[in-house]
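Read through the structure below, which is laid out as structure tokens, and then see the notes.
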Amino acid sequence: DVEEAAEYLAAALKLDPSNSQIIERLFQFRLAEGAMSEAEDLAEKVIGFNSQHRMARVTLGLKELSANRFREARGHFAEAAYTPVGELTAALLSAWSYAGEGSLNPALKELDRRNANEKYSNFRLFDEAHIAATILALATVAPAPFFPHIFFLAGFQRVTAGGSGIPGV
């Protein structure tokens with residue numbers, strides 16, 4: 001059980017608060033549980049001893065994105081882009097951060113970075129259309145915080161410790 005394992009690791013961390021293996025594993029468990037506030041705090045610690053930890057960077061980038069700090073979010077996403085999967089993820093998340101600013105052209109430029117792999121061309125077209133529609137929707141309605149609005153459009157709720165955030169799950 002993820003929750004029990006996380007509690008075990010949390011107790012172990014109290015006994016050895018600088019143990020990087022415990023910190024990293026507890027981060028992953030808290031992230032899997034959807035305990036985002038604690039996962040974000042642990043991600044900061046993980047970055048302290050592994051500045052290229054992809055999931056920690058993505059977690060911190062999403063934290064910045066949810067606070068409408070788009071430039072800071074892109075910085076974390078860029079740090080996560082040192083593998084093909086990381087590049088794909090970083091380009092998509094960075095494009096959405098530009099969408100949060102209402103900047104279509106830079107968002108599309110980020111999506112174009114995925115053109116190196118033709119497998120993603122259909123996804124690129126879908127993402128371009130979705131981002132353009134979102135920017136248009138944000139421009140034509142009363143201003144709302146970007147991150148919750150995107151989750152609403154996608155049919156999700158913000159993930160909490162008690163659920164997956166995925167409707168019906």
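These numbers come from the heavy atoms of this one structure, side chains and all, not from hydrogens, waters or symmetry mates. Counting begins at 1 with the first residue of the sequence. Just so you know, these numbers come straight off a predicted model, no measurement behind them.
Expressed to the nearest 0.5 Å, how far NZ of Lys45 lies from CD1 of Ile22 amounts to 11.5 Å. With values rounded to the nearest 0.5 angstrom, Leu26 atom CG is found 12.5 Å from Tyr8 atom OH. From Glu44, atom CD reaches atom CD1 of Ile23 across 12.5 Å, with rounding to the nearest 0.5 Å. The distance from atom CZ of Arg74 to atom CD of Glu110, rounded to the nearest 0.5 Å, is 7.5 Å.
Side-chain atoms of Ser51 do not come within 3.5 Å of backbone N or O of Ile47 as any donor-acceptor pair. Put simply, the side chain of Tyr98 never gets that close to the backbone of Leu104: no donor and acceptor are under 3.5 Å apart. No donor-acceptor pair under 3.5 Å is formed between the side chain of Ser94 and the backbone N or O of Ala91. Between the side chain of Ser103 and the backbone N or O of Pro106, no donor-acceptor pair lies under 3.5 Å.
Residues Ala81 and Ala90 come closest through the heavy atom pair CB-CB, 3.5 Å. The shortest non-hydrogen separation linking Glu3 to Glu33 is CA-OE2, 3.1 Å. Here the closest heavy-atom approach between residue Ala99 and residue Ile131 is recorded as CB-CG2, 3.7 Å. Nearest heavy-atom pair across Gly86 and Arg54 is CA-CD, 3.9 Å. In terms of heavy-atom proximity, Glu101 sits nearest to Arg71 at OE2-N, 4.3 Å.
A 4.5 Å side-chain heavy-atom check between His53 and Phe27 finds at least one atom pair inside the cut-off. Between Leu111 and Trp96, every side-chain heavy-atom pair lies at or beyond the 4.5 Å cut-off. At least one side-chain heavy atom of Gln52 sits less than 4.5 Å from a side-chain heavy atom of Tyr82. A heavy-atom distance below 4.5 Å is found between the side chains of Leu65 and Phe70. Leu60 is not listed as a side-chain neighbour of Glu79, based on a closest heavy-atom distance of 4.5 Å or more. Looking at heavy atoms from C-beta onward, Thr59 lies out of side-chain contact with Leu42 at the 4.5 angstrom threshold. A 4.5 Å side-chain heavy-atom check between Glu128 and Asp112 finds at least one atom pair inside the cut-off.
Using a 3.5 Å distance cut-off with no hydrogens or angles, the side chains of His76 and Glu64 do not pair a donor with an acceptor.
Placement of Phe49 and Met55 within a single hydrophobic cluster is found when ILVMFWY residues are connected by side-chain heavy-atom separations under 4.5 Å, directly or transitively. In the hydrophobic clustering of ILVMFWY residues, with side-chain heavy atoms under 4.5 Å counting as a link, Val2 and Leu13 come out together.
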Original post:
Under the salt bridge (charged side-chain N to carboxylate O under 4.0 Å, His left out) criterion, do Lys63 and Glu38 qualify, and how do the steps go?
Top reply: CA-CA 12 Å; Lys63 176 184 177 183; Glu38 192 172 350; over 6 Å; no
**OP:** Could you please spell out the steps behind the side chain to side chain contact (heavy atoms under 4.5 Å, CB included) verdict for Thr89 and Phe77?
**Re:** CA-CA 8 Å; Thr89 304; Phe77 300 147; over 6 Å; no
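Taking a 6.0 Å sphere around CZ of Arg25, one finds it holds 12 or fewer heavy atoms contributed by other residues, nucleotides or ligands.
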